[in-house]
K.L.:
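Dropping a structure here in structure tokens format, bear with me for questions.
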2 protein chains.
Amino acid sequence: MHLDDRDRKILEVLQADSRISNADLADQVGMSASALWRRVRAFEDAGLIARYGAVLDPEVAGLGFQAVVHVQLTRHKSEKLDEFVRAIQTRREVLECYATTGQADYHMRVICADLKAYNDFLENFLFRMEAVESAQTNVILRAIKKDAAILP
Amino acid sequence: MHLDDRDRKILEVLQADSRISNADLADQVGMSASALWRRVRAFEDAGLIARYGAVLDPEVAGLGFQAVVHVQLTRHKSEKLDEFVRAIQTRREVLECYATTGQADYHMRVICADLKAYNDFLENFLFRMEAVESAQTNVILRAIKKDAAILP
DNA sequence: GGTGAAATTTTAGGTGC
DNA sequence: GCACCTAAAATTTCACC
């Protein structure tokens, strides 16, 4: 899918504020509302825009603790790995989790109400899984950048 | 701000799909459209819903390479640190960046078109900054979970 | 790509429980 | 606090040029 400068501008604005009206966005980009709407529809049909979602403020939601966790898995049993993957996907505390190269097998970002809740997450969930060999917690002190837009 | 089960359900649905109509969401939650609308408005006013945004698919956008990068800074000069922070905030490749405890001073997730583009990011940007002592790249092989909703 | 109009949704306001 | 009703305003959506 080929994108011109207007397309990129449209996508940048929509990532920051998808509630903007077609007319206002059309003005910003310099085209008519219907032409703009057709482009946006094309992005949706192509799957470039996967969805539209509300973005919450974790602090206001009462979730004041975040950490980046490095996880090493045990080197046995693929069914234990599947169990790990499924468990991660269902745990609300895990916001993102990636299989990576390097020292850690997985990197994940975890959010909790406080340190006590995080300790509970570790003791009663993560360290109880057979697939988990070890995990290192890196507490997030400050966000330099977050929820940033993808700029194609 | 106190939240009941309905509030949590509303927030969960809106994070996954903010384009749903008030009437449909009201049906799912089991309340009238006007009552639902007042709750959503309250979330926005309280800042719990910070914004609404489009979520792009990186693959479709032609961005096929991602990595988690650990960064250590040099122990001198706070103005170099400020320069680092500002540079990170303006670089499109950096999707998120957190100051953390642990071995690395910063954890960030970076996205690029391909390995070549990532090499360019390292050579011509990250390693050129005086504040950066060292950086370890952890290539993302697979996403177990991403763009997950916050569940208050 | 633009114009215009129909269809739908949003955003209120008011009433009573 | 919620449900229900009503209606104006705004927005989305689409046929046609």
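Chain naming here is simple, since letters A, B, ... match the order of the sequence lines and numbering starts at 1 in each.
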K.L.:
Could you give the CE-to-P distance, from A:Met31 to C:dG2, as a whole number of Å?
P.N.:
6 Å

K.L.:
Determine which pairs satisfy salt bridge (Lys or Arg N to Asp or Glu O under 4.0 Å) with at least one residue from residues 92-112 of chain B, sequence neighbours left out, and list them in order.
P.N.:
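Passing the test, one end in residues 92-112 of chain B: A:Glu96-B:Arg109, A:Arg109-B:Glu96, B:Arg75-B:Asp105, B:Arg91-B:Glu93, B:Glu96-B:Arg109.
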
K.L.:
Who passes ring pair (Phe, Tyr, Trp, His ring centres under 6.0 Å) against B:Phe127, sequence neighbours left out?
P.N.:
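If we apply the ring pair (Phe, Tyr, Trp, His ring centres under 6.0 Å) test to B:Phe127, skipping adjacent residues, there are no hits.
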
K.L.:
Can you pull out the residues from residues 34-49 of chain A that lie within a 4.0 Å heavy-atom distance of DNA chain D?
P.N.:
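Close to the strand are A:Ser34, A:Trp37, A:Arg41.
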
K.L.:
Expressed in angstrom and rounded to an integer, what is the separation of A:Asp24 atom CG from D:dA9 atom C1'?
P.N.:
14 Å

K.L.:
5'-most contact on DNA chain C: B:Ile20 or A:Asp4, nearest heavy atom basis?
P.N.:
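Of the two residues, A:Asp4 wins.
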
K.L.:
Grab the CZ-P distance between A:Arg19 and D:dT11 for me, whole Å please.
P.N.:
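Whole-Å distance recorded here is 11 Å.
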
K.L.:
Taking atom types as modelled and ignoring hydrogens, do the side chains of A:Gln15 and A:Tyr52 form a donor-acceptor contact shorter than 3.5 angstrom?
P.N.:
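Note: A:Gln15 and A:Tyr52 side chains miss the donor-acceptor criterion.
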
K.L.:
Any protein N or O atoms within reach of nucleotides 15-17 of chain C? Criterion: under 3.5 Å, listing atom names and distances.
P.N.:
none

K.L.:
D:dT12 P sits how many Å from B:Asn22 CG, rounded?
P.N.:
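B:Asn22 atom CG is separated from D:dT12 atom P by 14 Å.
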
K.L.:
What is the minimum heavy-atom distance between A:Leu36 and A:Asn22, and which atoms define it?
P.N.:
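Taking A:Leu36 first and A:Asn22 second, the nearest heavy atoms are CD2-O, 3.3 Å.
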
K.L.:
Listing request: all salt bridge (Lys or Arg N to Asp or Glu O under 4.0 Å) pairs with a residue in residues 116-133 of chain A, at least two apart in sequence or in separate chains.
P.N.:
A:Lys80-A:Glu130

K.L.:
Does a side-chain N-to-carboxylate-O contact under 4.0 Å join A:Arg39 and A:Asp4?
P.N.:
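So A:Arg39 pairs with A:Asp4 through a salt bridge.
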
K.L.:
State whether B:Arg38 and B:Asp45 are salt-bridged, where the test is any N-O pair (Lys NZ or Arg NE/NH1/NH2 against Asp/Glu carboxylate O) under 4.0 Å.
P.N.:
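A salt bridge is absent here (no side-chain N lies under 4.0 Å from a carboxylate O).
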
K.L.:
Using five pairs at either end of the helix from C:dG1-D:dC17 to C:dC17-D:dG1, determine the angle between the two local helix axes and round it to 10 degrees.
P.N.:
20°

K.L.:
Check the orientation of A:His70 and B:His70. Use parallel for under 30°, tilted for 30 to 60°, and perpendicular for over 60°.
P.N.:
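Ring orientation, 0 to 90° scale: parallel.
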
K.L.:
Just by distance, no angles: are the side chains of A:Gln72 and A:Gln136 close enough, under 3.5 Å, to form a donor-acceptor pair?
P.N.:
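Yes, A:Gln136 and A:Gln72 have a side-chain donor paired with an acceptor closer than 3.5 Å.
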
K.L.:
If the plane angle is over 60° it's perpendicular, under 30° parallel, otherwise tilted; pick one for A:Tyr118 and A:Phe121.
P.N.:
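Correct class here is parallel.
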
K.L.:
Can you check the B:Leu25 CG to C:dT8 P distance for me, whole Å?
P.N.:
20 Å

K.L.:
Is any NZ, NE, NH1 or NH2 atom of the basic residue among B:Asp17 and A:Arg51 found under 4.0 Å from an Asp or Glu carboxylate oxygen of the other?
P.N.:
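No salt bridge links B:Asp17 with A:Arg51.
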
